[in-house]
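Report on one structure; see the data block that follows.
Because only heavy atoms are used, hydrogens play no part in the values below, and waters and symmetry mates are left out as well, while side chains stay in.
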Number of protein chains: 2
Amino acid sequence: MASGQGRVLELAVLGSLHETPLHGYELRKRLNALLGMFRAFSYGSLYPCLRSLLAQGLIAEEQPAPSAIVGGRSKIVYKLTAEGKERLQDLLTQAGPAAWEDESFGVHFAFFRHTEAEVRLRILEGRRSRLEERLDSVRTALARTRERLDSYTLELQRHGLESVEREVRWLNELIATERRASSQEERPERDTTSTDE
Amino acid sequence: MASGQGRVLELAVLGSLHETPLHGYELRKRLNALLGMFRAFSYGSLYPCLRSLLAQGLIAEEQPAPSAIVGGRSKIVYKLTAEGKERLQDLLTQAGPAAWEDESFGVHFAFFRHTEAEVRLRILEGRRSRLEERLDSVRTALARTRERLDSYTLELQRHGLESVEREVRWLNELIATERRASSQEERPERDTTSTDE
DNA sequence: GCGTCGATGTATCGAGCCGATACATCCCGA
DNA sequence: TCGGGATGTATCGGCTCGATACATCGACGC
């Protein structure tokens, strides 16, 4: 149990290491640059995670090229193993309801390029329904509350609802784009001028 | 140490109990209605917190009116003690940098009505500078990254930056309103037509 | 040469918090 | 009368965080 939520860090590390081998310090910088807007990555969780991944054989230490040893400060560079790549694929494609959560969604989204359209749609829609549930539950709870709320609380509610609603709208656009892209892919009527990527 | 961040729950409970005595189950519902847009409150933290507050003498069990005992399901209603009210005031007025954090800010804001204008401004401005730091750090980290980012990552960045920028703008409005209100309070030139609250 | 300051780098600890879960009671409708 | 859903209290395992310790490197002034 408890295996669903907490594994996000693992996914984030595996995904980052997929591009290029990294050591802890720089890995943290990468993660904070990539996802710092949504959450902060700390050593207190990063290093234990690296150790665990190493023990599982999903990552491995990379010895530096012998010629470059001379001046280097001692650092431990990790790279993804073949098992690690498999695991990354599994984590990405088997993304369950845990992936719609606040802390997880951003990480999954950041590695969408490694996934299939079907998986992307599932995550996007799951995230959306999660947010809509939240919206509903807060709204009905608020409606039931007869007590008068002070202006600060009201403003907080207003702002919170607006933020979540905006997020839902963003998801709607992404879902629409995703659908358009995949239907076009099915029936590629050489419309050309598209696919500038 | 560790006394700054984690105490938010304590503040949330104390603040909720200030209005009216409550038992655990309903307390949780209140908190989720009030702040569910920003975070979720779970029993796993709520009950230990209640026990801790009880041990500190900040809350006390309230015995039901003897006439009402008959049909009631067993429940433990907590009320704020005098010490609890003091503590609540302290937590609110002595709000340090921990209060600008994501998880804490909403809770503090929800109880702004119990604070002085000076404290409110301090928290609002602190929160703003925290977000601006984050903006800076992510932006410079991104600028340094020479690698080409895929379109999903770019979209995530764009969305994240926009959200935080919007939050900063919201804070700016609140700060301006707060300043206007307090300067008007200092020099109350019977402009009237204001203070419709 | 020498001190020192900030960035780089690895690592751990205490403590808070969460999701899941177990139990038990009450109420209502089929 | 039987079951399901809301009400209610409580705990456990495990994840995560901020703070911190410790060490080295490069660059700067002097």
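Figure legend: cation-pi geometry between B/Arg127 and B/Phe105, with NZ or CZ positioned under 6.0 Å from the six-membered ring centre and within 45° of its axis.
Contacts of A/Arg169 classified as salt bridge (Lys or Arg N to Asp or Glu O under 4.0 Å), with partners at least two apart in sequence or in another chain: none. Listed by chain and number, the residues in a salt bridge (Lys or Arg N to Asp or Glu O under 4.0 Å) with B/Glu165 are B/Arg139 (sequence neighbours excluded).
In A/Glu116, the CD atom is not crowded: 12 or fewer heavy atoms of neighbouring residues, nucleotides or ligands sit closer than 6.0 Å.
Between the C1' atom of C/dG16 and the CG atom of B/Leu53 lies a distance of 14 Å, rounded to the nearest Å. One interatomic measurement links the two molecules: CG of A/Leu27 to P of C/dA11, which rounds to 13 Å at whole-angstrom precision. Here D/dT9 presents its C1' atom at 15 Å from CD of B/Glu26, a figure rounded to the nearest Å. Rounded to an integer number of Å, the gap from B/His23 NE2 to D/dT9 P is 6 Å. Between the CZ atom of A/Arg28 and the C1' atom of C/dT8 there is a distance of 12 Å, given to the nearest Å. Straight-line distance from the NZ atom of A/Lys75 to the C1' atom of D/dA23: 15 Å, rounded to whole Å.
Residues from residues 40-48 of chain B placing a heavy atom under 4.0 Å of any atom in DNA chain C, listed by number, are B/Ala40, B/Ser42, B/Gly44, B/Ser45.
A salt bridge does not link B/Glu61 with B/Lys75: every distance from a Lys NZ or Arg NE/NH1/NH2 to an Asp or Glu carboxylate oxygen is 4.0 Å or more.
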task = Show the numbers, then the answer: is there a side chain to side chain contact (heavy atoms under 4.5 Å, CB included) between B/Leu46 and B/Phe41?
result = CA-CA 7 Å; B/Leu46 188 54; B/Phe41 295 88; 5.8 Å; no
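Regarding contacts with the backbone of C/dT10, every side-chain N or O of A/Arg51 stays at 4.0 angstrom or more from both OP1 and OP2.
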